[in-house]
Visitor: 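Sharing a structure below in structure tokens format, with a few things to ask.
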Amino acid sequence: MRLASANVVCAASFAFGLGFALAAHAEPVRVAVVGFTGDLSAQELSDLAASIRGSLSRQCDPSALAVVTRDEMAVVYAKRGAPCRPDDVACIVEASDAWRGRLFVRGVVRRASDGVIVGATLESVRGVLVATSQTPPSTKYDMGVAVPFLVRELLDGEKAYRTHNFPARTAAAASTIAAAPTRCACRGAAK
């Protein structure tokens, strides 16, 4: 009788711990726009990053993603002594720990005969390419339309990645847990 009640207590403790671990993943993933390189001036590249950051903030599901602000990034960069270049992934990963970011957006801008083309990637600090997007050739007047579409494609790619990969990993982990024999070191209370 004592052994049966001890197993019930152990099973309840395990279920509570598993529920707590799954609830910990409910916090939104933080994403930072680290910048762009390419054929525009430094100010124009900075304005493009700000535009993408703003569009991300407006379009993303706040329960899934939280956008790292420019001010949060500036504080981290001030402590480091300099900002990370968009092509310096090691620096971005290190800085991401400070602003608790797990995803980042970066890209390249190229001039074409009929405007500029913005290519952007959404990447994980673990080295996974989550989504990519590219605008058609756009003038500075078209960028107000092109940027939201670019961001929407990145967000759609992130959602597809999250919904296709996370449930598969969760199901695999749950089946491994279910297949494992249950052993408990719990002992009944001594009388």
Side-chain angles (χ1 to χ4, degrees), residues 23-112 115-162 165-166:
H25 292 289
E27 185 176 315
V29 173
R30 292 176 51 86
V31 60
V33 179
V34 295
F36 289 82
T37 58
D39 298 338
L40 298 178
S41 70
Q43 183 60 49
E44 290 171 317
L45 292 171
S46 179
D47 292 345
L48 174 63
S51 177
I52 289 177
R53 188 178 298 108
S55 188
L56 266 174
S57 296
R58 287 186 298 277
Q59 292 188 51
C60 74
D61 175 6
S63 66
L65 293 175
V67 180
V68 177
T69 67
R70 177 182 255 172
D71 293 338
E72 289 176 282
M73 294 173 69
V75 168
V76 171
Y77 287 155
K79 289 179 184 176
R80 291 181 46 72
C84 294
R85 291 186 332 269
D87 58 350
D88 189 351
V89 176
C91 179
I92 294 167
V93 169
E94 183 182 318
S96 291
D97 283 339
W99 62 62
R100 299 177 334 275
R102 299 282 63 39
L103 297 172
F104 60 91
V105 176
R106 65 185 179 139
V108 176
V109 180
R110 294 288 175 231
R111 287 199 186 275
V116 296
I117 299 169
V118 178
T121 59
L122 178 64
E123 302 173 50
S124 164
V125 293
R126 293 190 176 134
V128 175
L129 178 62
V130 176
T132 64
S133 182
Q134 180 175 310
T135 65
S138 305
T139 65
K140 67 178 180 177
Y141 304 107
D142 299 331
M143 291 306 279
V145 174
V147 165
F149 282 115
L150 176 105
V151 168
R152 175 53 33 210
E153 287 180 355
L154 292 175
L155 290 173
D156 288 347
E158 184 277 331
K159 183 177 180 183
Y161 178 82
R162 181 174 19 100
N165 289 323
F166 185 71

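Along the sequence shown, residues carry numbers from 1. All values derive from a computational prediction rather than experimental measurement.
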Visitor: When rounded to the nearest 0.5 angstrom, what is the spacing between CG in Leu155 and CG in Leu65?
Guide: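 Going from the CG atom of Leu155 to the CG atom of Leu65 covers 6.5 Å.
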
Visitor: Could you check Leu40 against Arg111 for side-chain contact (heavy atoms from CB on, under 4.5 Å), going step by step and ending with a plain yes or no?
Guide: CA-CA 8 Å; Leu40 298 178; Arg111 287 199 186 275; 3.5 Å; yes

Visitor: Does the side chain of Leu154 come within less than 4.5 Å of Val130's, by heavy atoms?
Guide: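 SC-SC contact between Val130 and Leu154 ruled out.
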
Visitor: Do Val151 and Ile52 have side chains that approach each other closer than 4.5 Å (heavy atoms only, starting at C-beta)?
Guide: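 Answer yes - side chains close enough.
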
Visitor: Locate the shortest heavy-atom distance separating Arg70 from Ala50; write the atom from each residue and the value.
Guide: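 In terms of heavy atoms, the two residues are closest at NH2-CB, 3.8 Å.
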
Visitor: Report the C-alpha distance between Asp142 and Val145 in whole Å, list the side-chain angles of each, state the deciding distance to 0.1 Å, and finish with yes or no for side-chain contact (heavy atoms from CB on, under 4.5 Å).
Guide: CA-CA 6 Å; Asp142 299 331; Val145 174; 5.6 Å; no

Visitor: Would you name the heavy atoms of Ser124 and Leu103 that are closest together and state the gap between them?
Guide: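 Here Ser124 and Leu103 meet closest at CA-CD2, 3.8 Å.
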
Visitor: Are the side chain of Ser46 and the backbone of Ala42 linked by a donor-acceptor contact shorter than 3.5 Å?
Guide: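 Checked: no pair found.
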
Visitor: Measuring from atom CG of Leu48 to atom CD of Glu44, what distance do you get when rounded to the nearest 0.5 angstrom?
Guide: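 Reported to 0.5 Å precision, the distance equals 9.5 Å.
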
Visitor: Where do Gly38 and Arg110 come nearest, in terms of heavy atoms and distance?
Guide: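 So the minimum-distance heavy-atom pair works out to CA-NH1, 3.6 Å.
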
Visitor: Show the atom names and distances, to 0.1 Å, of all donor-acceptor pairs under 3.5 Å that link a side chain in residues 115-122 to residues at least two apart or in another chain.
Guide:
| from | atom 1 | to | atom 2 | distance (Å) |
| --- | --- | --- | --- | --- |
| Thr121 | OG1 | Arg106 | O | 3.4 |
| Thr121 | OG1 | Glu123 | OE2 | 2.6 |

Visitor: So, for Met73 and Ala32, which heavy atoms are closest and what is the spacing to 0.1 Å?
Guide: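 Heavy atoms only, the tightest pair is SD-CB, 4.1 Å.
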
Visitor: Can you name the nearest heavy-atom pair linking Pro28 to Pro62, along with the distance?
Guide: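 Minimum heavy-atom separation between Pro28 and Pro62: CG-O, 3.3 Å.
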
Visitor: Just verifying a value: how many Å separate Arg126 CZ and Arg102 CZ, rounded to the nearest 0.5 Å?
Guide: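 It comes to 6.5 Å.
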
Visitor: Is there a donor-acceptor pair under 3.5 Å between the side chain of Ser55 and the backbone N or O of Ser51?
Guide: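 No; zero donor-acceptor contacts below 3.5 Å.
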
Visitor: Could you work out, with ring-ring contact (aromatic ring centres under 6.0 Å, His included) as the rule, every residue matching Tyr77, not counting sequence neighbours?
Guide: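 Counting only residues at least two positions away or on another chain, Tyr77 forms a ring-ring contact (aromatic ring centres under 6.0 Å, His included) with Trp99.
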
Visitor: Search all heavy atoms of Ile92 against all heavy atoms of Pro86 and return the closest pair with its distance.
Guide: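 Nearest pair, atom of Ile92 first, then Pro86: CD1-O, 3.6 Å.
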
Visitor: Go through the steps for Val34 and Cys84 under the test side-chain contact (heavy atoms from CB on, under 4.5 Å), then give the verdict.
Guide: CA-CA 8 Å; Val34 295; Cys84 294; 6.0 Å; no

Visitor: Passes side-chain contact (heavy atoms from CB on, under 4.5 Å), Phe104 versus Val125? Steps please.
Guide: CA-CA 7 Å; Phe104 60 91; Val125 293; 4.1 Å; yes

Visitor: For the pair Ser63 (side chain) and Asp61 (backbone), establish whether a donor and an acceptor sit closer than 3.5 Å, ignoring hydrogens and angles.
Guide: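 No, Ser63 side chain to Asp61 backbone: no donor-acceptor pair under 3.5 Å.
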
Visitor: Are Arg100 and Glu27 close enough for a salt bridge, meaning some N to O gap below 4.0 Å?
Guide: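 Judged by the 4.0 Å cut-off on N to carboxylate O distance, Arg100 and Glu27 do not form a salt bridge.
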
Visitor: Restricting to pairs with a member in residues 76-87, which pass salt bridge (Lys or Arg N to Asp or Glu O under 4.0 Å), not counting sequence neighbours?
Guide: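 Sorted pair list: Arg80-Glu94, Arg85-Asp87.
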
